[in-house]
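The next block holds one structure in the form of structure tokens; read it before the comments.
To find a chain, count down the sequence lines: A is the first, B the second, and so on, and within it residues start at 1.
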4 protein chains.
Amino acid sequence: MRANSGSGEQGRSFTERGRRAQIVEAAIDTIVELGYSRASFGQIAKRAGLSSTGMISYHFRSKAELMQQVVTDVYAAAEELVGERIEAAGTARGRLRAFIESSVDFYRAHHRKIRALTEIFLNERGDDAALPHRRELEGLREMLRAGQLTGEFRDFDPHVMAVALRHALDGVALRLGVEPDADADRYARELATMFDLATRSG
Amino acid sequence: MRANSGSGEQGRSFTERGRRAQIVEAAIDTIVELGYSRASFGQIAKRAGLSSTGMISYHFRSKAELMQQVVTDVYAAAEELVGERIEAAGTARGRLRAFIESSVDFYRAHHRKIRALTEIFLNERGDDAALPHRRELEGLREMLRAGQLTGEFRDFDPHVMAVALRHALDGVALRLGVEPDADADRYARELATMFDLATRSG
Amino acid sequence: MRANSGSGEQGRSFTERGRRAQIVEAAIDTIVELGYSRASFGQIAKRAGLSSTGMISYHFRSKAELMQQVVTDVYAAAEELVGERIEAAGTARGRLRAFIESSVDFYRAHHRKIRALTEIFLNERGDDAALPHRRELEGLREMLRAGQLTGEFRDFDPHVMAVALRHALDGVALRLGVEPDADADRYARELATMFDLATRSG
Amino acid sequence: MRANSGSGEQGRSFTERGRRAQIVEAAIDTIVELGYSRASFGQIAKRAGLSSTGMISYHFRSKAELMQQVVTDVYAAAEELVGERIEAAGTARGRLRAFIESSVDFYRAHHRKIRALTEIFLNERGDDAALPHRRELEGLREMLRAGQLTGEFRDFDPHVMAVALRHALDGVALRLGVEPDADADRYARELATMFDLATRSG
DNA sequence: CATGAATGAGGTTTCATTCAT
DNA sequence: TATGAATGAAACCTCATTCAT
């Protein structure tokens with residue numbers, strides 16, 4: 001029999017959730033270390049301390065489901081941190097700055113997760129996997145447009161700006177992974193200033 | 001006897017160079033269409049109109065060498081176009097704008113190549129593949145620093161700005177691939193304005 | 001401690017026998033639905049309402065033992081019905097007709113069991129599984145030979161006739177499974193007439 | 001690349017056809033020896049003298065295609081022999097006898113093929129595989145019905161008779177496989193007489 | 001130069017079976 | 001008894017690469 005009956009994490013035993021989380025972590029490690037195309041079950045199992053790849057198939061219906069779970073987990077962790085800090089800000093400029101700074105904060109602690117995410121998005125061509133990415137882009141666009149309506153932001157194209165910001169942040173995540181002792185605060189400060197200058201009106 | 005003895009393109013016969021170029025083009029098509037992890041020799045050969053994968057192995061020492069050649073070819077094409085237009089500009093601000101606009105111009109015609117490049121960078125972990133990417137980043141950083149020395153640019157961190165610009169442009173390339181009728185000029189204009197505002201002094 | 005120590009059904013607790021019967025039924029369902037080669041413990045457990053394949057291994061020493069039990073159970077059920085009606089007939093011709101008609105009667109109600117049986121015979125090559133099949137063929141042969149001794153049957157080869165009858169009946173069972181609204185009585189009547197014509201003397 | 005491009009045998013090289021035939025033969029051997037459910041690529045490769053299962057995948061797109069080819073090959077061989085002899089007969093009774101005798105003749109030489117066929121039909125549930133089997137049954141039915149129209153045959157149910165004959169013959173094939181020194185001619189003679197008695201009018 | 005056959009490693013997945021709880 | 005986690009073998013299949021022709 002198998003444990004991978006449903007698709008969410010509810011309705012799973014304690015041990016089951018633990019194992020799944022452990023495998024998801026190992027998958028992230030593997031993707032970061034070897035790249036998506038070389039992230040085989042064998043490599044993931046090795047990093048998870050499992051004695052066979054059958055164990056992964058036991059806990060996940062397929063490789064796609066495992067990758068989907070990686071995406072879900074990373075987004076859940078990120079939104080928890082970033083969402084709070086955006087809502088705490090009073091102005092559109094403040095929200096933009098909060099978004100950038102909290103994102104970089106998240107990357108500082110979790111750049112491995114972001115790196116893995118990027119690879120999955122690029123490699124999984126189905127729209128299912130890219131959906132959260134697209135949703136985030138839409139949220140960003142809305143935030144920028146709102147600032148334009150209040151007059152805080154100048155009249156730029158919100159879509160282009162959102163794309164630029166989103167990928168600039170991706171680049172930071174990538175850098176934080178590649179540069180061992182990069183100063184995350186510096187990245188946060190500089191990016192915040194930069195997009196503030198690029199967006200503000202007047 | 002095999003044709004894949006050296007590593008550069010010199011010292012190869014005319015037909016040999018032709019075959020290699022044809023395979024490189026097919027590799028780009030395949031990566032864009034299926035993703036790096038599914039870009040097998042079989043798929044590449046099919047797109048190159050070859051009836052045997054042995055042909056690819058005959059012309060390239062290994063898969064890694066083929067990917068390296070893709071990177072080399074794409075960079076050669078890009079630098080030819082972009083380099084010229086940067087040198088034509090008189091000021092640092094002008095050079096920045098020229099860089100952005102000519103990059104987008106290049107992406108408009110060649111977003112498939114850029115997309116393939118991105119995938120290869122993410123998947124080929126060896127420093128060999130990432131080298132041109134790093135060199136380009138350095139060039140960008142120098143351009144920005146030069147503008148700061150002349151006082152045209154404000155006192156930002158050149159490295160962070162270079163990373164942000166580089167990845168914002170990657171994002172544009174990706175978008176031009178995903179959005180069928182995206183307006184490349186709009187992207188160019190908006191990005192140029194945006195980075196002008198973010199960098200200029202005063 | 002395990003429950004699958006012996007091989008027969010005696011010396012087992014009431015619940016134990018119940019569970020085994022339930023699993024045997026589920027195995028039959030599975031074989032009929034998916035075919036022998038896809039009848040895995042997982043599928044059988046699902047149809048038995050069990051949440052673990054371990055349960056099957058607990059009650060049966062091995063998959064072979066489970067299949068053996070299916071064969072035993074089906075034969076026990078069939079002989080009970082068929083045996084009675086044969087003995088009730090007074091002549092050899094009557095016994096032959098009774099055998100055919102009661103067999104079809106049995107198939108009408110239990111063609112799933114017969115179908116499962118056929119698949120097991122074909123796939124389990126050990127002589128153990130084929131033994132009851134061989135015994136039945138011998139019984140049939142004896143019945144035919146007896147009719148020849150009394151002069152009711154003509155001088156055919158009893159073995160060939162037994163084989164033909166046995167497999168013709170198998171074919172009926174298979175048909176009753178495949179044709180949703182097949183008329184079992186028609187099959188019984190036709191076959192009885194047919195073998196009567198083929199066997200009777202004069 | 002791979003050789004298994006089309007689905008028929010035309011357009012294949014000489015060597016290719018040879019290898020495919022060799023693998024088909026090995027598949028038949030394996031099915032007869034181990035049963036369909038244990039006829040893995042590994043076992044087939046071993047019997048074909050191939051050093052790896054990859055070879056089979058190279059020549060056949062999938063296991064299903066290999067099994068389909070077995071069915072096709074066996075039917076082609078059988079129809080060649082049986083078809084001729086049926087057409088040579090002048091009466092319906094003659095055609096029936098010719099069908100039975102030539103079938104048994106074919107089984108004598110090729111009972112392994114027939115045995116394999118039966119297993120594939122039972123295990124491959126898709127209608128694709130069972131199609132030739134159904135077509136043959138229809139042909140048989142037509143032959144019997146034609147005899148009824150000319151008055152040579154009595155008024156039996158052609159479908160039931162066809163099923164009985166078809167499976168009686170299957171049984172013979174199975175017997176010829178199991179009984180090493182079975183007398184095929186005896187089977188042919190007895191069956192022909194038996195079905196003659198069962199079908200003829202008056 | 002080009003082909004297609006061959007190889008063998010490695011990919012994901014399914015499976016029967018064992019075992020701790 | 002029953003469960004579900006774990007195991008490891010074996011399944012089918014794809015792949016890069018080599019080689020004879």
Side-chain angles (χ1 to χ4, degrees), chain A residues 1-5 12-16 18-19 37-45 50-64 66, chain B residues 1-4 13 15-16 19 37-45 50-64 66, chain C residues 1-4 13 15-16 19 37-45 50-64 66, chain D residues 1-5 12-16 18-19 37-45 50-64 66:
Chain A
M1 226 55 167
R2 45 175 43 161
N4 50 23
S5 47
R12 294 186 193 279
S13 77
F14 179 72
T15 358
E16 163 75 356
R19 267 274 176 278
S37 61
R38 283 195 256 275
S40 66
F41 274 13
Q43 291 292 336
I44 295 171
L50 301 174
S51 62
S52 95
T53 67
M55 201 70 266
I56 301 178
S57 289
Y58 176 73
H59 288 286
F60 294 90
R61 206 191 308 279
S62 68
K63 193 172 186 182
L66 168 56
Chain B
M1 201 84 125
R2 2 195 54 216
N4 51 21
S13 78
T15 38
E16 161 75 357
R19 267 275 176 274
S37 55
R38 280 188 267 276
S40 66
F41 273 16
Q43 291 292 335
I44 294 170
L50 300 172
S51 49
S52 163
T53 66
M55 208 63 256
I56 301 179
S57 289
Y58 177 76
H59 286 288
F60 294 91
R61 201 195 315 277
S62 69
K63 195 172 186 183
L66 167 56
Chain C
M1 200 83 126
R2 358 195 60 217
N4 52 22
S13 80
T15 38
E16 160 74 359
R19 266 275 176 275
S37 57
R38 280 188 267 275
S40 66
F41 274 15
Q43 291 292 335
I44 294 170
L50 301 172
S51 48
S52 162
T53 66
M55 208 63 257
I56 301 179
S57 289
Y58 176 75
H59 286 289
F60 295 90
R61 203 194 313 279
S62 69
K63 196 173 184 182
L66 167 57
Chain D
M1 224 53 167
R2 45 172 45 157
N4 50 24
S5 48
R12 295 186 191 280
S13 78
F14 179 72
T15 358
E16 163 74 356
R19 267 273 177 277
S37 61
R38 284 193 255 277
S40 66
F41 274 14
Q43 291 293 335
I44 295 171
L50 301 173
S51 63
S52 94
T53 68
M55 203 66 267
I56 301 178
S57 290
Y58 176 73
H59 288 286
F60 294 90
R61 206 192 308 279
S62 67
K63 193 174 186 181
L66 168 55

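- Each of C:Ala64 and A:Ala64 has a nearest nucleotide on DNA chain E; the 5'-most of these lies closest to A:Ala64.
- The distance from atom CZ of A:Arg61 to atom P of E:dT14 is 10 Å, rounded to the nearest whole Å.
- Between A:Arg12 atom CZ and A:His59 atom NE2 the span is 10.0 Å, to the nearest 0.5 Å.
- Look at F:dC15: its Watson-Crick or wobble partner, with both distances under 3.5 angstrom, is E:dG8.
- Taking each heavy atom of C:Gln43 and C:Arg38 in turn, the nearest pair found is CG-O, 4.0 Å.
- To the nearest angstrom, C1' of E:dT12 lies 18 Å from CZ of A:Arg38.
- Among all heavy-atom pairs drawn from C:Ser62 and C:Phe41, the shortest one is C-CZ, 4.5 Å.
- E:dC1 sits 12 Å from F:dT21 when the C1' atoms are compared, rounded to a whole Å.
- Rounded to the nearest 0.5 Å, atoms CZ (D:Phe60) and CG (D:Leu66) are 5.0 Å apart.
- Nucleotide E:dG11 holds its P atom 7 Å from the CD atom of A:Gln43, rounded to whole Å.
- For C:Ile56 and E:dT14, the CD1 to C1' distance is 15 Å, given to the nearest whole Å.
- The heavy-atom pair separating A:Ala45 from A:Ser52 by the smallest distance is CB-O, 4.1 Å.
- Note that CD1 of A:Ile44 and CE of A:Met55 are 14.0 Å apart. Values are rounded to the nearest 0.5 Å.
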The contact string for nucleotides 5-10 of chain F, one letter per nucleotide 5' to 3', using protein heavy atoms under 4.0 Å with B, S and - for base, sugar-phosphate only and none, comes out as BBBB--

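- The interatomic distance linking A:Lys63 (NZ) with E:dT14 (P) rounds to 15 Å, in whole Å.
- For A:Phe41 and E:dA9, the CZ to P distance is 22 Å, given to the nearest whole Å.
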